[in-house]
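Accompanying notes for the structure given below.
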Amino acid sequence: MRSAEDLGASHGWRLRRGVLDDGRQVFAKVGAASPVFASEAAGLRWLGEAMDVPEVVEVAEDRLVLSWVDTEPPTPAAAERFGRALARMHRAGAPAFGAPWPGFIADLPMDNSAADDWPAFYATRRVLPFVRRARLPAEDVRRIERAVERLPEAAGPPEPPARIHGDLWNGNVLWSGGTGVLVDPAAHGGHRETDLAMLALFGVPYEERILAAYQEESPLADGWRERVPLHQLHPLLVHVVLFGGSYRESLMRAVDRVTVLGRAG
């Protein structure tokens with residue numbers, strides 16, 4: 001690397017912007033040896049078959065080097081292009097729910113072993129393992145377990161595995177070249193509504209433009225808006241594990257809405 005600029009830290013990794021000897025600008029994530037880097041690289045390459053993502057320049061046990069993405073302010077037109085591209089990426093599909101590489105969200109491991117049924121995959125690979133890590137009060141755990149029992153009724157019509165980002169909050173969408181570019185994936189075969197619910201969790205510029213364009217490209221099943229809290233259970237649990245009880249109230253509101261949805265289903 002000809003030069004490097006420190007960009008701070010995230011989840012214990014050092015972040016750097018560098019220039020290679022051949023003049024290419026890159027982004028590097030560096031830390032202790034970890035399977036996180038190979039997992040992220042695999043996810044980016046897989047998503048990149050159907051969507052704009054940075055190029056994986058190098059991956060090793062202690063680093064991941066990606067092509068640099070020059071960013072720009074989002075616009076309504078860029079949001080619409082992103083919505084259509086996201087729908088096409090989801091439609092590219094996956095062999096099963098899960099992925100053939102170890103899963104991570106931030107630095108937390110996730111079970112990516114394959115399953116044919118999404119409600120079972122979501123319950124056993126995403127929600128319940130994080131309930132055990134979250135150190136919630138016993139009554140909260142019981143309420144979550146009751147909601148999980150309702151997942152088959154709450155999940156809506158069955159859908160084939162979609163090719164999803166898996167951690168699609170606003171910070172993982174870079175606006176560049178008139179569209180959104182995806183970074184930091186927890187990619188796997190999942191339910192496409194999961195990515196849309198994650199976008200909604202913390203907000204994204206021109207969200208309604210994104211959704212309208214998505215719907216034009218690939219219409220969502222009836223009731224998808226009511227199912228948003230279901231798909232937010234896992235990311236909210238992740239935030240409880242990472243950041244503590246400040247996310248507990250939001251989590252338990254979502255739990256109660258899923259329980260009601262399951263009863264109605």
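- When only modelled atom types and interatomic distance are considered, R125 and S113 share a side-chain donor-acceptor pair under 3.5 Å.
- Classification of R253 and E249 as a salt-bridged pair holds, one side-chain N sitting under 4.0 Å from a carboxylate O.
- Hydrophobic clustering, with ILVMFWY side chains joined whenever heavy atoms are under 4.5 angstrom apart, groups V56 together with W46.
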Side chain to side chain donor-acceptor pair (under 3.5 Å) assessment of R192 paired with S218: CA-CA 10 Å; R192 61 190 180 131; S218 188; 3.1 Å; yes
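- Hydrophobic clustering of Ile, Leu, Val, Met, Phe, Trp and Tyr side chains at less than 4.5 Å, counting indirect connections, keeps I164 apart from L237.
- Between the CG atom in L196 and the CD atom in E207 there is a gap of 9.0 Å [rounded to 0.5 Å].
- Around the CZ atom of R135, the shell of radius 6.0 Å holds no more than 12 heavy atoms that belong to other residues, nucleotides or ligands.
- The residues R263 and E153 are annotated as not salt-bridged, no charged nitrogen and carboxylate oxygen being separated by less than 4.0 angstrom.
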CA sep, side-chain torsions, deciding dist, call: D6, R17, salt bridge (charged side-chain N to carboxylate O under 4.0 Å, His left out): CA-CA 7 Å; D6 189 80; R17 178 178 182 173; over 6 Å; no
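- When side chains are defined from C-beta on, V204 does not count as touching W169, because their heavy atoms never get closer than 4.5 Å.
- Between Y206 and F82, every side-chain heavy-atom pair lies at or beyond the 4.5 Å cut-off.
- Considering all non-hydrogen atoms of both residues, L7 and R16 come closest at CD1-C, 3.8 Å.
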Criterion side chain to side chain donor-acceptor pair (under 3.5 Å) on R24 and S67, from CA distance to verdict: CA-CA 8 Å; R24 285 181 294 168; S67 59; over 6 Å; no
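- Heavy-atom minimum distance, V183 versus G171: CG2-O, 4.3 Å.
- Contact check on R126 versus D111 returns no salt bridge, with no Lys/Arg side-chain nitrogen under 4.0 Å from an Asp/Glu carboxylate oxygen.
- Taking all atoms of both residues into account, the shortest heavy-atom contact from R227 to A155 is CD-O, 3.4 Å.
- Heavy atoms only, all atoms of each residue included: A79 and R209 are closest at CB-CB, 4.1 Å.
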Intermediate values then yes/no, side chain to side chain donor-acceptor pair (under 3.5 Å), H231 and Y122: CA-CA 9 Å; H231 292 274; Y122 191 58; 5.4 Å; no
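- Ionic pairing of E139 and R142 is present here: one or more N-O contacts between side-chain nitrogen and carboxylate oxygen are shorter than 4.0 angstrom.
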Verdict with supporting geometry, F104 and N112, side chain to side chain contact (heavy atoms under 4.5 Å, CB included): CA-CA 9 Å; F104 290 89; N112 269 352; over 6 Å; no
Salt bridge (charged side-chain N to carboxylate O under 4.0 Å, His left out) between R257 and E226, worked out: CA-CA 9 Å; R257 290 170 68 184; E226 287 72 30; over 6 Å; no
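- Between the CG atom of D195 and the NE2 atom of H165 there is a distance of 7.5 Å, given to the nearest 0.5 Å.
- Between the side chains of D70 and W68, a donor-acceptor pair is found at a separation under 3.5 Å.
- Under the side-chain contact (heavy atoms from CB on, under 4.5 Å) rule, D184 has a single partner from D167, N172, I105, which is N172.
- Shown here is D116, whose CG atom has no more than 12 heavy atoms of other residues, nucleotides or ligands within 6.0 Å.
- Aromatic ring pairs are classed by plane angle as parallel below 30°, tilted from 30° to 60° and perpendicular above 60°; the pair H239 and F202 is tilted.
- A distance of 15.5 Å separates CE of M89 from CZ of R84, quoted to the nearest 0.5 Å.
- H191 NE2 to W118 CH2: the interatomic distance, rounded to the nearest 0.5 Å, is 5.5 Å.
- A cation-pi arrangement is present between R133 and F130 under the rule of less than 6.0 angstrom and at most 45 degrees off the ring axis.
- Note that the CZ atom of F27 and the CD atom of E5 stand 11.5 Å from one another [nearest 0.5 Å].
- To the nearest 0.5 Å, atom OG of residue S34 and atom CZ of residue R63 are 13.5 Å apart.
- Counting heavy atoms of neighbouring residues, nucleotides and ligands inside a 6.0 Å radius, atom CD of E72 exceeds 12 of them.
- Note on V148 and F121: same hydrophobic cluster, where clusters join Ile, Leu, Val, Met, Phe, Trp and Tyr whose side-chain heavy atoms are under 4.5 Å apart, directly or indirectly.
- Using a cut-off of 4.0 Å between Lys/Arg side-chain N and Asp/Glu carboxylate O, E216 and R81 are scored as not salt-bridged.
- R91 and E217 are joined by a salt bridge, as a carboxylate oxygen and a charged side-chain nitrogen come within less than 4.0 angstrom of each other.
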Verdict with supporting geometry, L168 and L86, side chain to side chain contact (heavy atoms under 4.5 Å, CB included): CA-CA 11 Å; L168 195 58; L86 187 63; 3.9 Å; yes
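- Both V241 and I144 belong to a single network of hydrophobic side chains, linked directly or stepwise wherever heavy atoms of I, L, V, M, F, W or Y lie under 4.5 Å apart.
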